[in-house]
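Notes for the one structure printed next.
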Amino acid sequence: MTAEDAKIEARFAGALGGFVLDVAFETPMRGITALFGPSGCGKTTILRCMAGLRHLPGRLAVNNQVWQDDGRGVFLKPYRRAVGYVFQEASLFAHLTVHKNLLFGAQRVQGHVRGQASDGGVKFGDAVDMLGLETLLNRTPGALSGGERQRVAVGRALLSQPELLLMDEPLAALDHETKEEILPYLETLHEHLSIPIVYVSHDIAEVARLADRMVVLSNGKVAMEGDVTSVLERLDLTDSADRFEAGVVLAARVVRHDEKFQLTHFDHHGQSFVTPLVKVAAGDEVRLRVRARDVSLATQMPIGISVRNILKGIVAEIREESGTAYAEILVDIGGAKIRSRVTRAAVADLGLSIDAPVYALVKSVTFERRPRLR
């Protein structure tokens, strides 16, 4: 098996009280895979099954190593699974300093069946640097902010030398400002580590920023799965996501910076985007996020307008939301698709139909710091 072929295979089916879980999915041994869906759809249950903390009938293989196979009577205990687990709450040892909390993670691997840390494992200094923990090492958890505690929890999990990192809504208990503080650290992990991450979230903006793949869950079943770009393009995702945050991510290349007007210009398959100035080098590939609510449509090229991002495309799909005033439109702009949320009356007034030429007026573009996973 080559590194490209390495994967995680998960299949679990069973009842928990009145809730029935029946899921199966595969994901590569690299990047971030998001388990996404509303509360109560089974996300955390799947994570606990993967960690061995809950047993539902099924099969789990990680990098061709079988951790569970009920057909063969295989079920590794949690301590025998090379898993790092980050919970919603940091759950640090209150009487230990940050330094000693981190060392506890490293001590977990010593003498276990899972073996000693490999030369390629995460070193103490690397974890401290990646998560910005150097100034916190002598503090106790009570002297830390919520975001700092979660960064320590991530570091502790990494120092257990996991083959798989499981993160159960690690930002759910944090306010918006603290989330924005910690997200760049999670992006840094993605850039520098080869450990696959399965990341549970019900926040579509969080998933769009971090994930490479998505497994969308609904009522204990897999509703859809695939790379994050293709899943976010699907209009039926709106049934599982916050309509206010629904949108897509686009790959773009940095063309140049305009210091006079403090703007950065990007290219996406021959079409131009502009955002407020960002600190990335010309030629770099990045991700841009465009929310459906920030995209208006026109049937003719507008003039005398303040919107800077005007993209030529064709209507690829129309989904009118019965019982509401709104419709979702998918526009093919060449190389990718973007979503627009408009009123059903606008669809009728503009005479929109499949394959009709349109101009997408993008009022706001969010720059994502992390380049796309290749």
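- Here the CD1-OG distance, from Ile182 to Ser145, works out to 8.5 Å after rounding to the nearest 0.5 Å.
- With a 6.0 Å radius and a threshold of 12 heavy atoms from other residues, nucleotides or ligands, Lys363 has its NZ atom above the threshold.
- Nearest heavy atom pair, residue Leu174 against residue Gly147, reads CD2-N, 3.9 Å.
- Residue pairs meeting the salt bridge (Lys or Arg N to Asp or Glu O under 4.0 Å) criterion with at least one member in residues 140-154, sequence neighbours excluded, are Arg139-Glu148, Arg151-Glu181.
- Annotation for Val274: hydrophobic cluster partners, listed by chain and number, are Phe261, Leu263 (ILVMFWY side-chain heavy atoms under 4.5 Å, direct or chained).
- Under a 4.5 Å side-chain heavy-atom cut-off, the cluster of Ile, Leu, Val, Met, Phe, Trp and Tyr residues that includes Val307 is completed by Met301, Ile305, Ile310, Tyr359, Leu361.
- Side-chain atoms of Gln271 never come within 3.5 Å of backbone atoms of Gly334 as a donor-acceptor pair (strictly under, hydrogens ignored).
- In this structure, Arg287 contributes its side chain and Ala208 its backbone to a donor-acceptor pair below 3.5 Å.
- Between Tyr85 and Phe87, the ring planes are parallel. Angles under 30° get that label, and only those over 60° would be called perpendicular.
- Salt bridge status for Glu285 with Arg253: absent, with no side-chain N to carboxylate O gap under 4.0 Å.
- Results of the salt bridge (Lys or Arg N to Asp or Glu O under 4.0 Å) test with Glu26 over Arg59, Arg213, Lys7, Arg11 single out Lys7 as the only residue that passes.
- In this structure, Pro162 and Gly84 approach most closely via the heavy-atom pair CB-N, 3.3 Å.
- Taking Ile, Leu, Val, Met, Phe, Trp and Tyr as members and joining any whose side-chain heavy atoms lie under 4.5 Å apart, directly or through other members, the hydrophobic cluster of Val74 also contains Val66.
- Linking Ile, Leu, Val, Met, Phe, Trp and Tyr whenever their side-chain heavy atoms come within less than 4.5 Å puts Leu47 and Leu53 in one cluster.
- Listed here is the closest heavy atom pair of Val347 and Ala327: CG2-CB, 3.9 Å.
- Side chain of Gln150 to backbone of Pro170: a donor-acceptor contact under 3.5 angstrom is found.
- Closest approach of Thr97 and Asn138 over heavy atoms only: CG2-O, 4.0 Å.
- Taking the side chain as every heavy atom from C-beta outward, Leu166 and Ile197 never approach each other to under 4.5 Å.
- The line from CD1 of Ile204 to CZ of Phe36 is 4.0 Å long, rounded to the nearest 0.5 Å.
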Exercise. Applying side-chain contact (heavy atoms from CB on, under 4.5 Å), run through Ile329 and Val331 and close with a yes or a no.
Key: CA-CA 6 Å; Ile329 313 295; Val331 178; 4.1 Å; yes

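- Taking Ile, Leu, Val, Met, Phe, Trp and Tyr as hydrophobic and joining them when side-chain heavy atoms fall under 4.5 Å apart, one finds Tyr326 isolated, its cluster having no other members.
- Separation of atoms CD (Glu180) and CG (Asp175) is listed at 10.5 Å; rounding is to 0.5 Å.
- A donor-acceptor pair is defined here as one N or O able to donate and one able to accept, closer than 3.5 Å; such a pair exists between the side chain of Asp70 and the backbone of Gly58.
- Between His55 and Phe75, the ring-plane angle classifies as tilted under the 30° and 60° cut-offs.
- Environment of CD in Glu134: sparse, with no more than 12 heavy atoms of neighbouring residues, nucleotides or ligands closer than 6.0 Å.
- Residues Tyr199 and His190 keep their aromatic ring centres 6.0 Å or farther apart.
- Using a cut-off of 4.0 Å between Lys/Arg side-chain N and Asp/Glu carboxylate O, Arg209 and Glu187 are scored as salt-bridged.
- For Arg339 and Glu233, the salt-bridge test fails: no basic side-chain N is under 4.0 Å from an acidic carboxylate O.
- A heavy-atom distance below 4.5 Å is found between the side chains of Met214 and Leu232.
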Item to complete: Check step by step if side-chain contact (heavy atoms from CB on, under 4.5 Å) holds for Val365 and Leu250.
Response: CA-CA 10 Å; Val365 179; Leu250 305 172; over 6 Å; no

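- The backbone N or O of Pro184 sits less than 3.5 Å from a side-chain atom of Thr188, completing a donor-acceptor pair.
- A continuous path of Ile, Leu, Val, Met, Phe, Trp and Tyr side chains, each step under 4.5 Å between heavy atoms, connects Val23 with Leu16, placing both in one hydrophobic cluster.
- When each of Glu206, Lys43, Met167 is checked for a side-chain contact (heavy atoms from CB on, under 4.5 Å) with Ser201, only Glu206 meets the rule.
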Worked verdict on Val216 versus Val222 for side-chain contact (heavy atoms from CB on, under 4.5 Å): CA-CA 6 Å; Val216 181; Val222 175; over 6 Å; no

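- Leu92 CG to Thr140 OG1: the interatomic distance, rounded to the nearest 0.5 Å, is 10.0 Å.
- Closest approach of Asn63 and Ala6 over heavy atoms only: OD1-CB, 3.3 Å.
- Using a 4.5 Å heavy-atom cutoff, the side chains of Ile8 and Thr33 are not in contact.
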Exercise. Any chance you could lay out the side chain to side chain donor-acceptor pair (under 3.5 Å) test for Thr44 and Asp168, step after step, and finish with the verdict?
Key: CA-CA 7 Å; Thr44 294; Asp168 188 4; 3.0 Å; yes

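- Distance alone, capped at 3.5 Å, places no donor-acceptor pair between the Asp294 side chain and the Val362 backbone.
- Closest of all the heavy-atom pairs between Ser218 and Ala223 is CB-CB, 4.2 Å.
- Atom CZ of Arg81 is separated from atom CH2 of Trp67 by 7.0 Å, given to the nearest 0.5 angstrom.
- The hydrophobic clustering, which links ILVMFWY residues whose side-chain heavy atoms are closer than 4.5 Å, places Val255 and Leu311 apart.
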Please evaluate residues Thr366 and Leu288 with respect to the criterion side-chain contact (heavy atoms from CB on, under 4.5 Å), reporting the C-alpha separation (whole Å), side-chain torsions for both, the decisive distance (0.1 Å), and the verdict. CA-CA 6 Å; Thr366 303; Leu288 301 175; over 6 Å; no

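- Between the side chain of Asn101 and the backbone N or O of Leu96, at least one donor-acceptor pair lies under 3.5 Å.
- With respect to Lys260 and Asp258, no salt bridge is recorded, no charged nitrogen being found less than 4.0 Å from a carboxylate O.
- A donor-acceptor pair under 3.5 Å links the side-chain atoms of Arg308 to the main chain of Ser306, judged by distance alone.
- In this structure, the side chain of Ser353 does not engage the main chain of Ala356 through any donor-acceptor pair within 3.5 Å.
- For the side-chain hydrogen bond (donor to acceptor under 3.5 Å, both in side chains) test, residues two or more places apart in sequence or in another chain that qualify with Thr264 are His257.
- For the pair Ile195/Leu189, no side-chain contact is recorded, criterion being any heavy-atom separation below 4.5 Å from C-beta on.
- No option in Arg341, Arg344, Arg319 other than Arg341 meets the salt bridge (Lys or Arg N to Asp or Glu O under 4.0 Å) test with Glu328.
- Note: Met130 CE to Tyr185 OH = 12.5 Å, rounded to the nearest 0.5 Å.
- For CG of Asn219, the number of neighbouring non-hydrogen atoms (other residues, nucleotides, ligands) closer than 6.0 Å is 12 at most.
- There is no path of hydrophobic side-chain contacts, each under 4.5 Å, that joins Ile314 to Val248.
- Salt-bridge check for Asp203 with Lys179: passed, with a basic side-chain N closer than 4.0 Å to an acidic carboxylate O.
- Listed for the Ser340 side chain is no donor-acceptor partner under 3.5 Å among the backbone atoms of Leu297.
- Hydrophobic clustering of Ile, Leu, Val, Met, Phe, Trp and Tyr side chains at less than 4.5 Å, counting indirect connections, unites Met50 with Phe19.
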